[in-house]
Amino acid sequence: SVQQQLAIQNAQELLQKLSDKCFKACIQKPGSTLSSSEQKCISQCSDRYMDAWNIVSRAYAERIKRESNRH
Amino acid sequence: SVQQQLAIQNAQELLQKLSDKCFKACIQKPGSTLSSSEQKCISQCSDRYMDAWNIVSRAYAERIKRESNRH
Amino acid sequence: SVQQQLAIQNAQELLQKLSDKCFKACIQKPGSTLSSSEQKCISQCSDRYMDAWNIVSRAYAERIKRESNRH
Amino acid sequence: MSLSSLANDPELQKFVAAKELENQLTTQVHHLTNICFDKCVESSGSLSDLSAKQTTCLQNCVERFLDCTMLITNRTVQRIQQGR
Amino acid sequence: MSLSSLANDPELQKFVAAKELENQLTTQVHHLTNICFDKCVESSGSLSDLSAKQTTCLQNCVERFLDCTMLITNRTVQRIQQGR
Amino acid sequence: MSLSSLANDPELQKFVAAKELENQLTTQVHHLTNICFDKCVESSGSLSDLSAKQTTCLQNCVERFLDCTMLITNRTVQRIQQGR
C-alpha cells in the first residue's frame, strides 16, 4: 500500500541518517572490528537520535497546529 | 505555467538554503524567543546570501558565455 | 542505452563529488588564477579520491558477497 | 471503474493529498532532527540519556528554526517586491 | 512485440532488476567513498600516494560502517517491536 | 491539436529545452553560492555589507571552481582512457 511504502521510505531515510551521524560521532579510526566501546557509543547515539526525532516531531506538529489556528 | 513552477521551485530551494545557512550562523543556543541580536544577524545573513547569489549568478553566466564563444 | 546512461550518471556524480571535495581541500582563498601548487593539489586530490573509490568499491563488493553466502 | 473516474473520486483525492502532506511533513522532521541534534545533543557531551536541558533545547530549536524561516521568507518577499 | 508482452519478458525483467541493483550499489559506493575519504585520507596529511595504512583504513571503514548500519537497524527494529 | 503533433512542434521543443537548461543552470548557481558563501563571506567576519574584497572573492570562487571541475574532468577522462 501507499501507506506502507511511505513508512518504509521513512524508516530507510531514518536509518541512513542514523548511520551517518553515529558513525561519524563514534568511530574515530576504523579498526578491524567494532570495539565494545564503539558499539556502546553507537547504541547510545542511535537511541538519543530516535528520542530527538520523537521530540522534534511532536514540537513541529504543535507549532503547525498553533499556526493553522491563528489563521 | 512551467515558468512559474520553476520560479517557485527555485525560490523554495533558495529559502531552504538561506534558513539552513543563517540558522547555523546566527543561533548558537536556541532560546525561548529569537533575541533582537539573533534577528539582526539573520536579516544581515540572508541579505548577504542574496547579494552573493546575484554576484555568483552573474559571474557564472559570464563564464559560460566566454566558454561558448571559445568553441 | 540504459547501461550507458547509468555510466554517464555515475561519472557525473563522481565528478561533482570530486570537484566539491578537492576545491574545498585545495583552494583556501580563490585568486585570479589557479596557482601551480593549487593545480598540483587538485590533481593529487582527485587521483587519491579515484583510488579510494576503487578500494571502497572492491571492499563493498566483497562484503556483500560474504553476507549473501552466509544466508 | 475507469482510471479517469478513479482520479476524480473525492475520497481518493483527499487520501492522496493527505499522504503527500504527511510525506512533506516527515521530510521536514528529518531535516529538523538532523540540524537540532547537532545543535542540542551531539555538541553537548553525554549521550547516555537526554537531559531536561537537551529536551528543552530541541523544542526551542524547532520553534526558532521555523521563526528564522518565516523571518527570511518575509524579508525575501519584500526584497522581490521592491525589485532589488 | 507489444509493450505488455515486453514488460512480461523474463529476460528483460532480469536485466532491468540487475541494472536497478547496480544503480543502488553505485550510489552506496559514492556515499561510502565520501565518508571514508574524510576519515582515512583527507584528515591524514599527504595526498601524494595512498599509504598502506590509508588503504587498510579505507577497507576497515567500509566494513565498520556496514557493521554500524546493521547494529542500528537491529536496534531500531527491536525498539519498534517493543512499541517505544 | 493532438499530443504527438504538440510534442513535435519545434517552437515548443525549443521552449522546453531552454527551460530545462535554465533549471540546470539555476541548480548550479545554488550549488556555487553555497560553496562560495562559505569560502568568501561566512568565514570572513562581518555580515553588515559585502566588501569589495568579498565581492572579488565570490567572482574568483566561481571561476576557480569551474577551472577545478575542468581540470578534474580532463584528468579523469585521461585516466579512464588509459584504463586505470
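Per chain, numbering begins at 1; letters A, B, ... match sequence-line order.
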Return the [atom1] to [atom2] distance between [X] and [Y], rounded to the nearest 0.5 Å.
X	Y	atom1	atom2	result
C:Phe23	F:Arg64	CZ	CZ	9.0 Å
F:Met70	C:Leu34	CE	CG	10.5 Å
F:Gln59	C:Ser32	CD	OG	12.0 Å
F:Thr76	C:Tyr49	OG1	OH	11.5 Å
C:Lys17	F:Ile72	NZ	CD1	13.5 Å

Next on the checklist: Out of the candidates F:Leu66, F:Thr73, F:Ile35, F:Thr69, only one should pair with C:Ser19 under the side-chain contact (heavy atoms from CB on, under 4.5 Å) rule; please name it.
Outcome noted: F:Thr69
Checklist entry - Which region of C:Gln16, side chain (C-beta onward) or backbone (N, CA, C, O), has a non-hydrogen atom less than 4.5 Å from a non-hydrogen atom of chain F, or is it both or neither? => result side chain
Checklist entry - Relative to chain F, which segment of C:Ser43 carries a heavy atom at a distance below 4.5 Å: side chain, backbone, both, or neither? => result both
Checklist entry - With chain F, which of C:Cys22, C:Gly31, C:Cys45 has the greatest number of heavy-atom pairs at distances under 4.5 Å? => result C:Gly31
Item to check | Check ion pair C:Lys24-F:Asp38 (N to O, under 4.0 angstrom) | outcome: no
Checklist entry - Taking it one step at a time, do C:Asp47 and F:Arg75 satisfy side chain to side chain contact (heavy atoms under 4.5 Å, CB included)? => result CA-CA 9 Å; C:Asp47 284 354; F:Arg75 201 173 178 82; 2.8 Å; yes
Checklist entry - Heavy-atom distance under 4.5 Å between the side chains of C:Pro30 and F:Phe65, does that happen here? => result no
Checklist entry - Can you check whether C:Ile27 reaches F:Cys68 side chain to side chain, under 4.5 Å on heavy atoms? => result no
